[in-house]
Amino acid sequence: MTENIWSYPAGTGHTQNADLTGYKVEATDGHIGKVDKHSDAVGAQYIVVDTGVWIFGKDVLLPAGTITGIDTEATTIQVALTKDQIKSAPEFDKDKHLGDAGYHEQVGTYYDAPGTSGAGPTPPVRPTI
């Protein structure tokens, strides 16, 4: 996805300290929810998306590196992920996962695993005999 999955890519339209709360989030194949919270912390930039009824109210954390564009006039964020990729992502629980380095690593691995283009974890490689 990006060199650093936890930073906004250049050209997305991100402005430091902008309030993204309430922005609509669009996957590559349609609307997935709205931003519930976000972080601008260096090396830990992300948005938390409330998917609403789409997948039974699941909240997911999307690293800033998955964002392809931010339209401040339309209050919309585009991400380089499909609905299925987001649906299969680790669920975010603000009471358990805020500041949890292990969860942060799990999410980073899911979205930026080598050879997956953000499609989730890389399956294990079977040794050849």
Side-chain angles (χ1 to χ4, degrees):
M1 295 237 131
T2 66
E3 196 170 302
N4 180 356
I5 195 83
W6 298 105
S7 296
Y8 287 94
T12 60
H14 176 258
T15 303
Q16 187 70 19
N17 299 320
D19 185 6
L20 303 176
T21 306
Y23 275 50
K24 298 174 290 266
V25 180
E26 299 290 330
T28 58
D29 55 352
H31 179 74
I32 59 160
K34 64 179 181 128
V35 176
D36 186 43
K37 59 179 79 279
H38 59 95
S39 169
D40 270 342
V42 175
Q45 295 173 326
Y46 61 81
I47 59 174
V48 174
V49 180
D50 175 358
T51 60
V53 295
W54 179 62
I55 47 178
F56 309 108
K58 179 179 176 178
D59 286 344
V60 292
L61 186 145
L62 303 181
T66 65
I67 294 172
T68 58
I70 299 172
D71 184 337
T72 55
E73 284 189 33
T75 62
T76 303
I77 296 175
Q78 294 82 32
V79 295
L81 303 166
T82 65
K83 290 180 181 181
D84 283 340
Q85 287 173 306
I86 295 166
K87 182 178 181 178
S88 299
E91 186 167 2
F92 175 77
D93 181 332
K94 66 181 176 190
D95 297 325
K96 290 195 274 187
H97 297 133
L98 277 179
D100 179 347
Y103 175 76
H104 195 92
E105 184 176 332
Q106 178 186 9
V107 170
T109 299
Y110 177 80
Y111 287 115
D112 203 34
T116 65
S117 296
T122 303
V125 176
R126 290 187 169 181
T128 53
I129 301 174

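Treat the numbers as computed from the prediction; the structure is a model and nothing was measured.
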Specify the closest pair of heavy atoms between [X] and [Y], including all atoms of both residues, with the distance to one decimal.
{"X": "P90", "Y": "K58", "value": "C-CE, 4.4 Å"}
{"X": "S39", "Y": "A41", "value": "OG-N, 3.1 Å"}
{"X": "N17", "Y": "D40", "value": "N-OD2, 2.7 Å"}
{"X": "A64", "Y": "P9", "value": "O-CD, 3.4 Å"}
{"X": "P63", "Y": "I5", "value": "CB-O, 3.1 Å"}

Inset, instruction - Count the heavy atoms of every other residue, nucleotide or ligand shown that sit under 6.0 Å from CD of E105, and state whether that count exceeds 12. - result: no
Inset, instruction - Determine the interplanar angle of the W6 and H104 rings, folded into 0 to 90°, and report it as parallel if under 30°, tilted if 30 to 60°, perpendicular if over 60°. - result: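 Judged by the thresholds at 30° and 60°, the geometry between W6 and H104 is parallel.
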Legend entry - Parallel, tilted or perpendicular, as decided by the 30° and 60° cut-offs, for the rings of Y103 and H97: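 Plane angle under 30°, so parallel.
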Roughly how far, to the nearest 0.5 Å, is the [atom2] atom of [Y] from the [atom1] atom of [X]?
{"X": "L20", "Y": "T72", "atom1": "CG", "atom2": "OG1", "value": "10.0 Å"}
{"X": "I47", "Y": "I67", "atom1": "CD1", "atom2": "CD1", "value": "4.0 Å"}
{"X": "I32", "Y": "I77", "atom1": "CD1", "atom2": "CD1", "value": "9.5 Å"}
{"X": "H14", "Y": "I70", "atom1": "NE2", "atom2": "CD1", "value": "5.5 Å"}
{"X": "T51", "Y": "D36", "atom1": "OG1", "atom2": "CG", "value": "10.5 Å"}
{"X": "Y111", "Y": "Q85", "atom1": "OH", "atom2": "CD", "value": "8.0 Å"}

Check whether [X] reaches the backbone of [Y] with its side chain - one donor and one acceptor, N or O, closer than 3.5 Å.
{"X": "D29", "Y": "T82", "answer": "no"}
{"X": "T68", "Y": "Q78", "answer": "yes"}
{"X": "E26", "Y": "H31", "answer": "yes"}
{"X": "Q45", "Y": "Y8", "answer": "yes"}

Inset, instruction - Flag the pair F92 / V49 as yes when at least one side-chain heavy-atom distance between them is below 4.5 Å, and no otherwise. - result: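 Not touching, per the 4.5 Å side-chain cut-off.
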Inset, instruction - For the residue pair V79 and I86, establish whether any side-chain heavy-atom pair is separated by less than 4.5 Å. - result: yes
Legend entry - Stepwise side chain to side chain contact (heavy atoms under 4.5 Å, CB included) test for Y46 and T66: CA-CA 9 Å; Y46 61 81; T66 65; over 6 Å; no
